[in-house]
Amino acid sequence: MNYKCLDDLKLFLSEKYSGATPGNNLEITPDICPPEMNGDITVNCFRFAKIFRKSPDEIAVESAEFLSSHPDVEKAEKVKAFVNVTLRGESVHRDTVAKMNEIMGSSILPESRKQKVLVEFSAPNTNKPQHLGHVRNNTIGMSLASLMRRVGHDVVRINLVNDRGIHICKSMIAYQRFGEGVTPESSGRKGDHLVGDFYVKFDRELRKQIGELREKNQELKDKTDEELFIQTEIGRSAQDMLQKWESGDQEVKSLWQKMNGWVFAGFAQTYARMGIEFEHTYLESQTYLLGKDLVEQGVRKGTFFKRDDGAVLVDLEDVKLGKKVLLRADGTSVYMTQDIGTTLLKYRDNTPDIQIWVVGDEQIHHFKTLFAILRKMGYKWAGNLHHLAYGMVNLPTGKMKSREGTVVDADDLFDEMVALAKSATLERIGEGKVPEDIDKRSEIIGIGAIKFNLLKFNPKTTIMFDPQASIRFEGDTGPYVQYACARINSIERKTREAGLVIKDDINWKLACSHEEKELSVRISQYRDVLRQSAEKMDCSTLCEYLLELAKAFNRFYREHSVLNADNDELKKTRLALCCRTRDVLADGLKTLTIDVPEAM
RNA sequence: GUUUCGGUAGCUCAGCUGGAUAGAGCAACGGAUUUCUAAUCCGUGGGUCGCAGGUUCAAGUCCUGCCCGAAACGCCA
């Protein structure tokens, strides 16, 4: 947002130092004045000093003098090389919240910078239910897509489901042996959980067999579990089943289809609860053979080379990534081969400008290699591929390990948080008057709390998720922001009941307190925050901003009353300021795919 | 061994292209409610920004080296 007095200052300085080149995009983005200083906004003169090649102090003196006599300015104080400006209430609001459409609308990028963006995320395996780690992935992916869309990009959300492979065969084998024909319907168990139960059963049996092997054969004592897998009876069965699946065995395929169906139904529920949607869902069972042709073509073109034993490799020594196998000696493909294939498939289906993968940071090397290979293959769009690597989620007790039963299940987590939101609400409003929409409300608050709690951290950091701490709805949380909205909704409701209607009669001059001005200044930062977050592909910037804005509102709320203001004119002005604040908060939360309850 | 990412208050984390006396939440302690929702607000204490050099008028931020932690470096996905 542009403040008139700063635009004028810009002109004044440019003219005064006309010998120097001001640069055509000299933009003064003011900072919020620190609380211990006196003022609304701060101008940092070090930045001018670089542009005009004058001493910061001199510029600060000139700027303070100029601003002091500006009609919009109440007071301008030079402190070192900063000028702290106290603006007249009227002018702050005139340059900010009075142009609300501009603030909300101008965050949309110009046509020339809009792009078609593919965001791939989630990518679950169909052998077990989703856990907290998936929830972080889903949340980051969904919110990133939403953020990109918010600033004007054309976004396509993609899920690539790993619906085949040895892991599914493990669940299938265990089901054949221990399942006794149980179904989600007969057991009342959610499909993905039911299948997951058998995955656990498989693992238990496998470890039993590995233990027996080690006991009987002393020479196997030092072998790892992975090395012994294929030597166990049950491990071999799973491997055999995978081969049968690949050769199209009818019986195996139909069991596979049945169990995957259960899992998909379960995932659909989990996704729906999180508000997660995709434009395209690719299935690995349909794409896992892709890439082979491309690799063979690459051999003919000389991009890749064949080793003596027939395996195909790519040489990436020039980019310090060594050599990488793309086809085994027996002609079968590896993970990388598939990813080359699916990347191309996604490109052909959607012709995007950018492709983004939301995948854990343990795969940084894999994607670096993938991108290098695609560049080597000569695709010019390969320069616009981006791996959004996010860190793992740890618990206070350490890492999540499925074997040790320390995973936090997604559905359980949702239930728990929603239940807590419900009891917190009931505790506050009293059991006597349970609102009709209590369940809907609790859902919005509980799920919102989880999402916000995952988004407020920089994606690349490994985070500690403390279930005990996350159940609180105080402090830097999603509900804190939602609560500010709910308070404003309540004010709006009550003013409406009192017959107060805003027309064109807002008198911004009246809202001249520091708290009111601060709200306006912060609201005006929204555009830059959105753009910056999108640019960095980092929703935590937006979270941080929403917390600050909500905090500024709560300070205002404590100091100034809307309903009990001295006169109607002031009431309407404050109400308008509140509603604009709410609109930004709600828009921000919506951008993070977090809903706002009408009341809390 | 090589590469990547981290190391900031008791705990969990912010800190944008270097700029004011390094911030927030939680926890601890002390206050605020005849007032629009106390899921709130105000205050106090709490720091050698891993260590050591360097660049700069100015370094948590940039450069170099070292220490600690995590991950990757597969013909697993």
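The listed nucleotides are G25(B), A14(B), G19(B); the one nearest the side chain of Asn458(A) is A14(B). Out of C26(B), A20(B), A24(B), the shortest distance to the side chain of Glu474(A) is found at C26(B). Between A77(B), G19(B), A71(B), one nucleotide has an atom nearer to the side chain of Lys399(A) than all others, and that is A71(B). Checking A14(B), A39(B), C26(B) against the side-chain heavy atoms of Glu544(A) singles out A14(B) as nearest. Residue Val79(A) has its side chain nearest to A20(B) when only A39(B), A20(B), G25(B) are considered. Picking from C13(B), A24(B), U40(B) the nucleotide with the shortest atom distance to the side chain of Met464(A) gives C13(B).
With no hydrogens or angles considered, no side-chain donor-acceptor pair links Asp538(A) and Ser533(A) at under 3.5 Å. In this structure, a donor-acceptor pair under 3.5 Å is absent between the side chains of Tyr483(A) and Glu474(A). Between Thr287(A) and Glu284(A), the side chains place no donor N or O within less than 3.5 Å of an acceptor N or O (distance only, hydrogens not considered). There is a side-chain donor-acceptor pair under 3.5 Å between Asn137(A) and Tyr390(A). For the 3.5 Å distance criterion, the side chains of Glu516(A) and Ser513(A) qualify, holding a donor opposite an acceptor.
Rounded to whole Å, the P atom of G47(B) lies 14 Å from the corresponding atom of C51(B). For U56(B) and A9(B), the P atoms lie 30 Å apart once the distance is rounded to whole Å. Nucleotides C13(B) and A71(B) place their P atoms 16 Å apart, quoted to the nearest Å. The same atom, C1', is picked in U33(B) and in A28(B); the two are 23 Å apart, to the nearest Å. Comparing U3(B) with U8(B), their C1' atoms are spaced 25 Å from each other, to the whole Å. Separation of the C1' atoms belonging to C57(B) and A70(B) is 39 Å when rounded to the nearest angstrom. A distance of about 33 Å separates the P atoms of G6(B) and G43(B), rounded to the whole Å. Nucleotides A77(B) and A14(B) have their C1' atoms positioned 35 Å apart, rounded to a whole Å.
Contact check, Lys324(A) against G74(B): no side-chain N or O comes under 4.0 Å of OP1 or OP2. Taking 4.0 angstrom as the limit, Lys456(A) places none of its side-chain polar atoms (N or O) nearer than this to OP1 or OP2 of U12(B). Distances shown here put a side-chain N or O of Arg328(A) below 4.0 Å from the OP1 or OP2 atom of C76(B). In terms of phosphate contacts, Tyr545(A) brings no side-chain nitrogen or oxygen within less than 4.0 Å of OP1 or OP2 of C16(B). For Thr461(A) and A14(B), the shortest distance from a side-chain N or O to OP1 or OP2 is below 4.0 Å.
Thr42(A) comes within contact range of at least one nucleobase, with a heavy-atom separation under 4.0 Å. Residue-level contact check: Asp309(A) touches the bases, meaning some heavy atom is under 4.0 Å from a base atom. Residue contacts shown for Gln532(A) include a base, since a base heavy atom lies under 4.0 Å away. Among the protein residues, Leu313(A) comes within range of no part of the nucleic acid, since none of its heavy atoms lies under 4.0 Å from any strand. Contact annotation for Pro56(A): no contact, since no heavy-atom pair falls under 4.0 Å across all strands. In this structure, Glu284(A) reaches the sugar-phosphate backbone alone: every heavy-atom distance under 4.0 Å involves primed, P, OP1 or OP2 atoms, never a base. Met37(A) comes within contact range of at least one nucleobase, with a heavy-atom separation under 4.0 Å. Within the 4.0 angstrom heavy-atom criterion, base atoms lie near Phe82(A).
If you take CD1 of Ile463(A) and P of C5(B), they are 19 Å apart, rounded to a whole angstrom. Look at CG on Asn554(A): it is 18 Å from P on U33(B), rounded to the nearest Å. One atom, CG of Asn162(A), and another, C1' of C76(B), lie 12 Å apart when rounded to the nearest Å. Atom CG of Leu549(A) is separated from atom C1' of A24(B) by 16 Å (rounded to the nearest Å). Distance, Glu226(A) CD to C76(B) C1': 8 Å, rounded to whole Å.
We find the CG-OG distance between Leu455(A) and Ser540(A) to be 8.5 Å, quoted to the nearest 0.5 Å. Between the CD1 atom of Ile373(A) and the CD1 atom of Ile340(A) there is a distance of 4.5 Å, given to the nearest 0.5 Å. Note that CD1 of Ile210(A) and CG of Leu228(A) are 5.5 Å apart. Values are rounded to the nearest 0.5 Å. In this structure, CD1 in Ile463(A) is found 10.0 Å from CG in Leu395(A), a value given to the nearest 0.5 Å. Of the inter-residue distances, the one linking Phe452(A) atom CZ with Thr139(A) atom OG1 reads 12.5 Å to the nearest 0.5 angstrom.
The base of A39(B) is paired with the side chain of Thr425(A) by a donor and an acceptor separated by under 3.5 Å. Residue-to-nucleotide contacts include no donor-acceptor pair under 3.5 Å from the side chain of Thr462(A) to the base of A71(B). Counting distance only, with no hydrogens placed and no angle test, the side-chain atoms of Asn84(A) and the base atoms of A20(B) include a donor-acceptor pair under 3.5 Å.
In this structure a side-chain-to-backbone donor-acceptor pair under 3.5 Å is missing from Ser490(A) to Ala486(A).
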As a check on the pairing definition, encode RNA chain B in dot-bracket form, counting Watson-Crick and G-U wobble pairs whose two distances are under 3.5 Å, and using | for partners outside this strand. (((((((..((((.....[...)))).(((((.......))))).....(((((..]....))))))))))))....
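Under the stacking criterion of a centre-to-centre distance below 5.5 angstrom and an interplanar angle below 30°, Tyr480(A) is not stacked against the six-membered ring of A39(B). Taking the 5.5 Å centre cut-off and the 30° plane limit, the aromatic side chain of Phe473(A) is not classed as stacked on A39(B).
For Asn554(A), the side chain to side chain contact (heavy atoms under 4.5 Å, CB included) test picks out Tyr480(A), Arg487(A), with sequence neighbours left out.
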Any protein N or O atoms within reach of nucleotides 34-37 of chain B? Criterion: under 3.5 Å, listing atom names and distances.
{"unit_1": "U35(B)", "atom_1": "O2'", "unit_2": "Asn564(A)", "atom_2": "ND2", "d": "3.2"}
{"unit_1": "C36(B)", "atom_1": "O3'", "unit_2": "Lys494(A)", "atom_2": "NZ", "d": "3.1"}
{"unit_1": "C36(B)", "atom_1": "O2", "unit_2": "Val562(A)", "atom_2": "N", "d": "3.0"}
{"unit_1": "C36(B)", "atom_1": "O2", "unit_2": "Leu563(A)", "atom_2": "N", "d": "2.9"}
{"unit_1": "C36(B)", "atom_1": "N3", "unit_2": "Val562(A)", "atom_2": "N", "d": "3.0"}
{"unit_1": "C36(B)", "atom_1": "N4", "unit_2": "Tyr557(A)", "atom_2": "O", "d": "2.6"}
{"unit_1": "C36(B)", "atom_1": "N4", "unit_2": "His560(A)", "atom_2": "O", "d": "2.5"}
{"unit_1": "U37(B)", "atom_1": "OP1", "unit_2": "Ser490(A)", "atom_2": "OG", "d": "2.5"}
{"unit_1": "U37(B)", "atom_1": "OP2", "unit_2": "Lys494(A)", "atom_2": "NZ", "d": "2.7"}
{"unit_1": "U37(B)", "atom_1": "O2'", "unit_2": "Tyr483(A)", "atom_2": "OH", "d": "2.4"}
{"unit_1": "U37(B)", "atom_1": "O2'", "unit_2": "Arg487(A)", "atom_2": "NE", "d": "2.9"}
{"unit_1": "U37(B)", "atom_1": "O2'", "unit_2": "Arg487(A)", "atom_2": "NH2", "d": "3.4"}
{"unit_1": "U37(B)", "atom_1": "O2", "unit_2": "Arg428(A)", "atom_2": "NH2", "d": "2.4"}
{"unit_1": "U37(B)", "atom_1": "N3", "unit_2": "Met600(A)", "atom_2": "O", "d": "2.8"}
{"unit_1": "U37(B)", "atom_1": "O4", "unit_2": "Met600(A)", "atom_2": "N", "d": "2.9"}
{"unit_1": "U37(B)", "atom_1": "O4", "unit_2": "Met600(A)", "atom_2": "O", "d": "3.4"}

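Outside the 6.0 Å centre-distance limit, the rings of Tyr199(A) and His167(A) are not counted as a close aromatic pair.
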